[in-house]
Amino acid sequence: MEKISPDNTPVAVAVAEQEKKNFIEHFIDEDLESQRFDTVQTRFPPEPNGYLHLGHAKAICLNFGLAEKYKGVCNLRLDDTNPEKEDVEYVDSIKEDIAWLGFKWNELFYTSDYFPCLYNLAEELIKMGKAFVCDLNAEEMREYRGTLKEPGKDSPYRNRSIEENLDLFRRMKAGEFPDGSRTLRAKIDMTSPNLNMRDPIIYRIQRGHHHRTGDTWCIYPMYDFAHPLSDSIEGVTFSICTVEFEAHRPLYDWFLQNLNMPTQSRQIEFARLNVNYALMSKRKLKKMVDEGIVAGWDDPRMLTISGMRHRGYPGAAIRAFCESVGVAKANSTVDMAQLEFFVRDNLNYNAQRVMAVLDPLKVTITNYPQGKYENFDAVNNQEREEDGTRPITFGREIYIERSDFMENPVKKFHRLSPGRELRLLHAYYIKCEEFITDEAGNVIELLCTYDPNSRGGWCEDGRKVKGTAHWVAAHDCVEGEIRLYDRLFIKENPEDGELRDNLNPESLVIVKNAKLEKSLETVEKGSRFQFLRQGYFVADGVNEEGKPIFNRIVSLKDSFNKGK
RNA sequence: UGGGGUGUCGCCAAGUGGCAAGGCAGCGGUUUUUGGAGCCGCUAUUCGUUGGUUCGAAUCCAGCCACCCCAGCCA
């Protein structure tokens, strides 16, 4: 069963599958039915402290997808409560990546938009006697917090008067105290078995230039305080986050209830996405970039959104993949092969076929007249007839792939070897008569004959030529640089041991002098092609020699070289 | 070891008391001017485990086991 998505991409997911509801949708249905909410509003709330990756893509698809499905809205909120780690560079990349993936946020917000409001809500809490200024330093705080099995102890500052708390908090805001000297804490329960409820810090003093509010503030709200309140201020009904925040939910609810917020948003947690042979944590990805292990956040080997874009993965393929992995709460690691499947699935339909010889072996067709050339019509994409054909030129000297010739063929090899025939795609049958070697014994040229009666790749006598190969005409081709990308790590779980020790030394192999069919000389950067029998490639500008560069997006499945 | 979660095919994942969907991977076959794609099949008598309830349990109950998260003035 095949369904065509709006951008004309086939989605290899059964229709019935798409109609299946995940557990979050069951919750939503429940809340809509009970009239807890009458609309669906979600948000995607990244902290601008790094570039987005495939894990974020899953969250984006989920949040935007839910809003679309329930005819609600989804906003983008940059959760910028920690100036130390954040930067506009990240803000810009986040916006670009979401748009590239194909989603449009309803409104754009920043948590920093709410700093004044959040501050007032904190004062409210103080006035209710539910928050206090604490003078414990970080180390003391840790001691008072207790441990996993022992309860904590009340801070000696816990019973300050409301007036004193208000005065101290205002002076914290005014900049009268040094960084880290005091905090504002919610007054909940130091004996709670849930550590998050042991009088959590809601404001800290931290001088640092904020990328939007500059030096206006020297106190910043903590995530646990800012997040539920921001959600409520915006009217978010379903606040979807990852499972590690599950233990924070009681706190989330506590702030909404105690401050009697207008929207009692519902937090729902799902399991984050992991993919084998890859890293999916902003912190680790940043490390790879900072240590120069990769070329940057958009290195085509990284599963950042910008890396995948650079690699040539279509946004629609990423969306289809996210759709296919589903949403649940169990820890899981999805196979890289599943991601690659959706990339191929998309490109098989969308990418035009061309011929490119990566490891050229010269072939002279001895019975083809010198100086004669002829054109053949090559099908651009047999999956889409409307894409038509293009002319390709044939001549006496051509290049074929070195791996398409074997002096001593292994069994089941049905390409070229002495005395055997091979079909040149769209052209003729050729037969290998002789091969020439250099002093070292390497084959450097093939002497073949062609069968004039096999024009177009068919012969009326019906004789069987099983192998078909791609080729380019020596007089009508262009040289190019091909970058063969592969998985970055050799270990399924790259974090098992040192990252550096787990790197795949062949994650990037550069081929300098590939022979490409002439039509590839001037193609738009970002155009994607299928190099016949090899894989999908994306145009990535020209190199220092002026030769076009192509990045391998993903190889074709290969049942001959299976397992390699 | 306190609290919060999770365990269904190699990898994801439906399933909500009536007798194990689907996708990826794999394996056959068919077709093919890409060893691609397509098409047709096959692949869990069993749901972490042990007991219990029931005519009937992956689904309910109890115990046990395994794994993940929480002791940042990060998010």
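What's counted below: heavy atoms across the whole structure, side chains too, no hydrogens, waters or symmetry copies.
Not counting sequence neighbours, the partners of A:Arg390 by the side-chain hydrogen bond (donor to acceptor under 3.5 Å, both in side chains) test are A:Asn380, A:Glu517. Under the ring-ring contact (aromatic ring centres under 6.0 Å, His included) criterion, A:Phe394 pairs with A:Tyr368, A:Phe376, A:Tyr428, A:Trp471, not counting sequence neighbours. For A:His211, the ring-ring contact (aromatic ring centres under 6.0 Å, His included) test picks out no residue, with sequence neighbours left out. Applying the side-chain hydrogen bond (donor to acceptor under 3.5 Å, both in side chains) criterion to A:Lys329, with sequence neighbours excluded, gives A:Glu246. Scanning for ring-ring contact (aromatic ring centres under 6.0 Å, His included) contacts around A:Phe529 gives an empty result, with sequence neighbours left out. Annotation: side-chain hydrogen bond (donor to acceptor under 3.5 Å, both in side chains) contacts of A:Arg142 (sequence neighbours excluded): none. Residues forming a ring-ring contact (aromatic ring centres under 6.0 Å, His included) with A:Phe255 (at least two apart in sequence, or on another chain): A:Phe225.
Rounded to whole angstrom, the span from the CZ atom of A:Phe23 across to the C1' atom of B:rG5 amounts to 11 Å. To the nearest angstrom, P of B:rU32 lies 19 Å from CG of A:Leu556.
In a base pair of the Watson-Crick type (N1 to N3 plus N6-O4 or O6-N4) or a G-U wobble (N1-O2 and O6-N3), with each distance short of 3.5 Å, B:rC74 is matched with no nucleotide. Pair assignment for B:rU16: none, as no Watson-Crick or G-U wobble contacts are both less than 3.5 Å. Across the strands present, B:rC39 finds its partner in B:rG29; the criterion is a Watson-Crick or G-U wobble pair with both atom distances under 3.5 angstrom.
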Exercise for the section: Assign a letter to each nucleotide of nucleotides 64-72 of chain B from its 5' end: B, base within under 4.0 Å of a protein heavy atom; S, sugar-phosphate only; -, no contact. Expected result: ----SSBBS
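Between the side chains of A:Ser112 and A:Arg212, at least one donor-acceptor pair of N or O atoms lies under 3.5 Å.
The stretch residues 51-61 of chain A does not touch RNA chain B, since none of its heavy atoms comes less than 4.0 Å from the strand.
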